[in-house]
Amino acid sequence: MLLIRYYDPEHGAQLGIQHDDKVYRVQGFALLSSWLRVSIGHVDKAIAELQHIPEESDAAFEVSRFADTHDFARPHRLAPVDEQDVWASGVTYERSREGRQEEAKDGGDIYARVYDAQRPELFFKGHGRDVVGHLGEVGIRRDATWSVPEPELAVMLNPAMEVVGYTIGNDMSSRDIEGENPLYLPQAKVYNAACALGPGVLLSPSKEWLQAAISLRIEREGQTAFEGETHTNRIHRTLPDLVEHLGRCYTFPNGVFLLTGTGIVPPAEFTLQAGDVIHITIEGIGTLTNTVKVV
């Protein structure tokens with residue numbers, strides 16, 4: 001069961017529960033931020049109430065009703081985020097540390113140090129309005145020469161920094177820009193269409209990592225150009241550690257999404273091209289699919 005956002009031409013943006021092949025409207029909550037505020041202090045109860053909707057509602061849409069398009073004349077799926085910021089954590093997998101060191105012109109000692117440091121690397125990724133949803137287009141910078149997707153488990157937190165659920169994230173990255181100088185990280189990470197979330201949120205109040213395999217497949221002209229996999233049990237940090245540091249000295253009145261780092265790094269000779277199709281799959285959540293464009 002997934003919590004999703006979708007667009008209905010008759011009612012606008014809506015919250016829904018996707019169960020099997022049907023979507024049920026969540027009555028009383030047009031905004032995800034409103035529901036997240038209601039969940040404060042009793043996440044289990046808030047989730048249970050949503051899980052009962054398929055049992056109690058006769059009004060349902062077939063998932064197939066949501067066309068593979070973002071045409072506002074037709075129903076379609078939206079990214080499962082509205083007024084929340086998206087933040088990201090870096091160098092949380094050993095493979096990520098190795099990848100950052102490989103790309104860094106100065107040898108990347110800074111990444112080796114942050115991997116073992118008490119304080120994690122955290123950075124702003126984008127506003128909710130900037131996030132691309134399932135089947136949308138993600139961007140590669142026109143001034144970058146080495147662009148890659150970063151498939152990640154994303155955590156949804158309410159304003160009290162309580163874990164509410166998990167979704168799939170794509171933290172698009174310009175490796176050559178960050179590799180030239182770590183201080184260029186915001187330019188390598190924050191630009192138009194640089195973040196995707198979806199297709200929905202797996203509701204779970206767990207304070208431990210969702211134990212799931214993560215896989216990445218990139219298609220180019222109908223052929224597999226790259227594929228790789230990892231598992232969330234390889235994350236070097238604990239979930240409470242990342243959440244505590246994110247919420248330390250900073251508040252998120254509408255809740256927040258946290259990308260938890262990537263363990264899949266394509267080789268140095270690979271870079272994304274316009275028209276590539278990125279598929280990121282996480283067990284228990286589904287698949288986030290996006291096409292690449294130049295921005």
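Below, each value reflects all heavy atoms present in this structure, side chains not excepted, and no hydrogens, waters or symmetry copies. Bear in mind the structure is a predicted one, so any value in this text is a computation, not a measurement.
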- Message: Tell me whether Ser147 contacts the main-chain N or O of Leu272 through its side chain, where contact means a donor paired with an acceptor under 3.5 Å.
- Response: no

- Would you check, one step at a time, whether the test side-chain contact (heavy atoms from CB on, under 4.5 Å) holds for Gln18 with Tyr6? CA-CA 11 Å; Gln18 180 179 327; Tyr6 66 93; over 6 Å; no

- Message: Could you check whether any side-chain N or O of Asn170 sits under 3.5 Å from a backbone N or O of Cys195, counting only pairs where one atom can act as donor and the other as acceptor?
- Response: no

- Is it true that atom CZ of Arg119 has more than 12 heavy atoms of other residues, nucleotides or ligands lying nearer than 6.0 Å? no

- Item | Tyr24 ring center near His19 ring center (under 6.0 Å) | no

- Message: Using side-chain heavy atoms (C-beta onward) and a distance below 4.5 Å, is Ile282 in contact with Tyr166?
- Response: no

- Query: For the side chain of Glu178 and the backbone of Leu185, is there at least one donor-acceptor N/O pair under 3.5 Å apart?
  - Reply: no

- Message: Quick check against the 3.5 Å criterion: does Arg217 have a side-chain atom that pairs as donor or acceptor with the backbone of Thr281?
- Response: no

- Query: Tell me, do Thr262 and Val148 make a side-chain contact under 4.5 Å, heavy atoms counted?
  - Reply: no

- Contact list for residues 10-30, test salt bridge (Lys or Arg N to Asp or Glu O under 4.0 Å), sequence neighbours left out: Lys22-Glu62

- Please name the pair of heavy atoms, one in Tyr93 and one in His231, separated by the smallest distance, quoted to 0.1 Å. CE2-O, 3.5 Å

- Item | Heavy-atom closest pair, residues Val243 and Leu157 | CG2-CD2, 3.9 Å

- Qualifying side chain to side chain donor-acceptor pair (under 3.5 Å) pairs, either residue in residues 266-277, two or more places apart: Arg220-Asp276

- Query: With hydrophobic residues grouped by side-chain heavy-atom distances under 4.5 Å, do Val132 and Leu153 end up in a single group?
  - Reply: yes

- Query: In terms of ring plane angle, is the pair Tyr115 and His236 parallel, tilted or perpendicular, where the classes change at 30° and 60°?
  - Reply: parallel

- May I ask you to check whether Arg37 and Asn254 show a side-chain donor-acceptor distance below 3.5 Å? yes

- Mind checking whether Leu259 and Ile285 sit in one hydrophobic cluster, side chains of I, L, V, M, F, W, Y counted as touching below 4.5 Å? no

- What are the two closest heavy atoms between Ile4 and Pro199, and how far apart are they? CG2-O, 4.0 Å

- Quick note, side chain to side chain donor-acceptor pair (under 3.5 Å) partners involving residues 120-131, not counting sequence neighbours, are Asp85-His127, Lys125-Asp171

- Value rounded to 0.5 Å, distance of CD in Gln187 from CG in Asn181: 9.5 Å

- Task: Determine whether Ile280 and Thr287 make a side-chain contact, defined as any pair of heavy atoms from C-beta on separated by less than 4.5 Å.
- Result: no

- Task: Measure from the side-chain N and O atoms of Ser206 to the backbone N and O of Glu208, and report whether any donor-acceptor pair falls under 3.5 Å.
- Result: yes

- Task: For the pair His76 and Tyr7, name the ring-plane relationship: parallel under 30°, tilted 30 to 60°, perpendicular over 60°.
- Result: parallel

Scan the side chains in residues 288-295 for donor-acceptor partners under 3.5 Å anywhere in the protein, sequence neighbours excluded, and list what turns up.
{"unit_1": "Thr289", "atom_1": "OG1", "unit_2": "His279", "atom_2": "ND1", "d": "3.0"}
{"unit_1": "Asn290", "atom_1": "ND2", "unit_2": "Gly133", "atom_2": "O", "d": "2.8"}
{"unit_1": "Asn290", "atom_1": "ND2", "unit_2": "Gly136", "atom_2": "O", "d": "3.1"}

- Task: Look at the side-chain heavy atoms of Ile, Leu, Val, Met, Phe, Trp and Tyr, link any pair under 4.5 Å apart, and say whether Trp87 and Val81 land in one connected group.
- Result: no

- Query: If you take all heavy atoms of Ala196 and Val138, which pair is closest and at what distance?
  - Reply: CB-CG1, 3.8 Å

- Quick one: are Pro159 and Leu36 in side-chain contact, heavy atoms under 4.5 Å? yes

- Chi angles and distances behind the side-chain contact (heavy atoms from CB on, under 4.5 Å) call for Val256, Met161: CA-CA 8 Å; Val256 63; Met161 302 304 286; 4.2 Å; yes

- Query: What pairs of residues pass the salt bridge (Lys or Arg N to Asp or Glu O under 4.0 Å) test when at least one of them lies in residues 224-241, not counting sequence neighbours?
  - Reply: Arg237-Asp241

- Query: Considering only heavy atoms from C-beta outward, does the side chain of Leu32 approach that of Glu83 to under 4.5 Å?
  - Reply: no

- Message: Heavy-atom count check: over 12 atoms from other residues, nucleotides or ligands less than 6.0 Å from Phe123 CZ?
- Response: yes

- Nearest heavy atoms of Ala154 and Gly169, plus distance in Å: CB-N, 4.3 Å

- Message: Any side-chain to backbone donor/acceptor pair from Glu162 onto Pro205? Under 3.5 Å, distance only.
- Response: no

- Hey, what do you get for CD (Glu152) to CD1 (Ile264), rounding to the nearest 0.5 Å? 10.0 Å

- Item | Trp209 and Asn233, any side-chain heavy atoms less than 4.5 Å apart | no

- Query: Where do Ser174 and Arg141 come nearest, in terms of heavy atoms and distance?
  - Reply: OG-CD, 3.5 Å

- Message: Please check this pair: side chain of Thr92 against backbone of Ile235, looking for a donor-acceptor N/O pair closer than 3.5 Å.
- Response: no

- Message: Contact between Phe61 and Asp8 at the side-chain level, heavy atoms closer than 4.5 Å - yes or no?
- Response: yes

- Message: What verdict does the side-chain contact (heavy atoms from CB on, under 4.5 Å) test give for Leu3 and Trp35, after you've listed the backbone C-alpha separation in whole Å, the side-chain angles of each residue and the deciding distance to 0.1 Å?
- Response: CA-CA 11 Å; Leu3 178 64; Trp35 183 79; 4.2 Å; yes

Donor-acceptor pairs under 3.5 angstrom involving side-chain atoms of residues 45-54: please list them, not counting sequence neighbours.
{"unit_1": "His52", "atom_1": "ND1", "unit_2": "Glu55", "atom_2": "OE1", "d": "3.3"}

